[in-house]
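Only one structure is covered here, and it is reproduced in the block below.
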Amino acid sequence: MRDFPGTRPGMSGAVPASCDLLVVGGGVNGTGIARDAAGRGLSVVLCEQDDLASHTSSRSTGLIHGGLRYLEEFHFALVRKALREREVLLAAAPHIMRPLRFVMPHAAHLRPAWMIRAGLFLYDHLARRSRLAASAAIDLSTHIAGAPLQAPYRRGFVYSDGQVDDARLVVLNALDAQARGALILTRTRCAALAPHEGVWCASLRDAAGERQLTARAVANAAGPWVSGVLAAALPGRAQHHLRLVKGSHVVVPRLFTHRFAYVFQNEDRRIVFAIPYHQDFTLLGTTDVDYRGDPAAVRIEAAEVTYLCALANRYFRRQLGPSDVIWSYSGVRPLLEDESSDPTRVTRDYALELEQQPAPLLSVFGGKITTYRRLAEDAVNLLAGPLRLRAAPWTASALLPGGDLPQGSFAVFLRTVARRYPWLPARLRWRYAHAYGARIERVLGAATATAHLGQELLPQLYERELEYLCGEEFARTAEDILWRRSKLGLHLLRADLGPLERWLAADGAPQTVSNAE
């Protein structure tokens, strides 16, 4: 099934006349489905209207977690599924994912200690845990994580979850899908879907024009736009509905120097995380606000900034105000609609809706980053019948690109990189190792000195890395490079991006739209 018949040039490369599966949406679910399907031998085309991970999938809190707070809602099956996936993902990409210990200062009037202990016991034991330490009670008067906190918080709990670079996770899935034969088309919109004699006729539109593609099946993984895609293709067929919830985050200068993160309880029973972020910063998030606007135009509101700063101020000695926020971002979570009146209580589980007539169309409702691989596997399993696919699921034990580190350990890999590339500045070496893992050789090539990396167009950004990102990782604009393939934009908020934009323009790529949100 792999071969693309009748390929022709156009739209960022050769576009097939037909394929087995068209995936609409280049977020984590869409790229996950494309990867799984291509690995089972299907011919796959993925189209994304913007850059990979342009919207929800690059605007998360960046956690691989079971969702401790979901236990209060008795969502045990969801938490168990997510905890199992946490182990799978930590093994699959140890360069972009890493264990993270969370400290929860105890506020007795919000949740009694016995309730927290019971929840943590369940969290430790709902699924097999081989990579992460167990939870424990701690004395914040002596623990290193207690020093930045206000005096009343002397008792706390610590538990384990994982941290991930969310946008790079999407790129790695797209790279693996491509390596297995999928065609990845960014900045290409699915303008129309029409059934014809048991297949789908799709109109794909990019800056160069419109092309037609015939697909035996379509996977609608358009995130906040999934209902619109389904309604346009099959009016009145939707069995599930989305609830759009905005989650906003702020980034402030580093509030603590240790490696622990915090989870803070609020009077409204919501929780907010304070997480070490790209070495020099602290990330605070997230809010939960119902959203009814354009998902592409979502922005943080002043009230959300005030909310996050106020909660941080309740716990930290160092007080924050809006003027301390150096960057913020918001994303729209396309959650599966349920009966909850409070957006924080809406389920984070997913539903897959398959319409087999007049042609197979699978739509993805809901989900979270932690369960994306399982969602993709379930989606391809559902499509296996109409596509007459017999290949077995395979991603549970497969590494993502760059994840084949010695002993599966990032610490061991970082020492190996230091020995092999002693000429790389330590900070740059750390960033390359985290971003690219074992693919660092593809970035550096035969370089044996920084002079071999080309011109340093911006601090820490050399031509050699740009050639790699534009040539292999689908990057085309400064925003792609500075805010999704990396977070170098955090260090360049007041920098002149002209050298980078001129390099991209000379290389044939379009210029950026902005420095930051």
Side-chain angles (χ1 to χ4, degrees), residues 12-13 48 50-54 58-59 95-96 165-172 174-175 184 186-187 207 251 253 277-281 326-329 401-402 414 417-418 420-517:
S12 306
E48 160 56 44
D50 298 305
D51 180 34
L52 296 173
S54 281
S58 64
R59 301 178 183 184
H95 54 311
I96 65 163
D165 185 325
D166 50 9
R168 290 210 57 78
L169 177 62
V170 175
V171 170
L172 295 189
L175 285 173
I184 308 297
T186 61
R187 293 175 170 83
V251 176
Y277 197 66
H278 293 273
Q279 295 186 288
D280 298 330
F281 309 99
I326 61 174
W327 185 56
S328 64
Y329 64 92
L414 193 58
V417 171
R420 183 166 183 178
Y421 305 104
W423 48 271
L424 270 178
R427 192 176 183 90
L428 191 62
R429 186 167 62 233
W430 184 91
R431 185 173 73 79
Y432 281 177
H434 267 300
Y436 305 114
R439 289 175 67 92
I440 193 172
E441 297 178 3
R442 301 175 75 100
V443 180
L444 297 176
T448 57
T450 53
H452 299 159
L453 300 180
Q455 182 182 355
E456 187 177 16
L457 296 169
L458 294 171
Q460 279 205 54
L461 188 60
Y462 290 85
E463 287 182 284
R464 182 67 192 91
E465 183 180 14
L466 287 172
E467 291 167 357
Y468 167 80
L469 291 174
C470 294
E472 298 197 30
E473 287 201 359
F474 316 99
R476 292 173 62 186
T477 72
E479 189 171 1
D480 297 350
I481 291 159
L482 299 178
W483 294 103
R484 285 183 287 275
R485 304 306 183 275
S486 74
K487 284 295 185 289
L488 283 174
L490 281 169
H491 304 273
L492 301 169
L493 290 170
R494 295 175 180 82
D496 175 14
L497 303 185
L500 172 58
E501 293 175 341
R502 287 189 290 273
W503 188 93
L504 290 169
D507 197 49
Q511 295 188 36
T512 186
V513 296
S514 66
N515 188 331
E517 292 184 12

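Everything numeric in this text was worked out from a predicted model, so none of it was measured.
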At what distance, to the nearest 0.5 angstrom, does [atom1] of [X] lie from [atom2] of [Y]?
X: Ile96; Y: Asp166; atom1: CD1; atom2: CG; value: 9.0 Å
X: Tyr462; Y: Leu424; atom1: OH; atom2: CG; value: 8.5 Å
X: Ile184; Y: Phe474; atom1: CD1; atom2: CZ; value: 5.5 Å
X: Leu500; Y: Leu492; atom1: CG; atom2: CG; value: 9.0 Å
X: Asp165; Y: Lys487; atom1: CG; atom2: NZ; value: 5.5 Å
X: Arg439; Y: Leu175; atom1: CZ; atom2: CG; value: 5.0 Å

Check whether any side-chain heavy atom of [X] sits under 4.5 Å from a side-chain heavy atom of [Y], and report yes or no.
X: Trp503; Y: Leu458; value: no
X: Arg476; Y: Asp51; value: no
X: Ser58; Y: Val170; value: no
X: Tyr432; Y: Gln460; value: no

task: Would you please indicate if the ring centroids of Tyr468 and Tyr436 are separated by under 6.0 Å?
output: yes
Considering all heavy atoms of both residues, which atom of [X] and which atom of [Y] are nearest to each other, and what is their separation?
X: Pro499; Y: Asp496; value: CD-O, 3.4 Å
X: Leu482; Y: Leu461; value: CD2-CD2, 4.1 Å
X: Arg464; Y: Arg442; value: NH2-O, 2.9 Å
X: Leu490; Y: Trp483; value: N-CH2, 3.6 Å
X: Leu488; Y: Pro459; value: CD2-O, 4.5 Å
X: His452; Y: Ala447; value: CB-CB, 3.6 Å

- prompt: Hey, is Asp50 close enough to Arg484 for a salt bridge, meaning N to O under 4.0 Å?
  reply: no
- request: Determine, for Arg431 against Glu465, whether the closest basic-nitrogen to carboxylate-oxygen distance falls under 4.0 angstrom.
  value: yes
task: Determine, step by step, whether Leu469 and Asp480 satisfy the side-chain contact (heavy atoms from CB on, under 4.5 Å) criterion, reporting the C-alpha distance in whole Å, the side-chain angles of both residues, the deciding distance to 0.1 Å, and the verdict.
output: CA-CA 9 Å; Leu469 291 174; Asp480 297 350; over 6 Å; no
task: Mind telling me whether His434 and Trp430 have parallel, tilted or perpendicular rings, with 30° and 60° as the class edges?
output: perpendicular
Under a 3.5 Å distance rule, please check whether [X] uses its side chain to pair with a backbone N or O of [Y] as donor and acceptor.
X: Thr186; Y: Leu52; answer: no
X: Arg59; Y: Ala53; answer: no
X: Arg168; Y: Ala435; answer: yes

- request: Could you tell me which residues satisfy salt bridge (charged side-chain N to carboxylate O under 4.0 Å, His left out) with Asp280, sequence neighbours excluded, listed by chain and number?
  value: Arg427
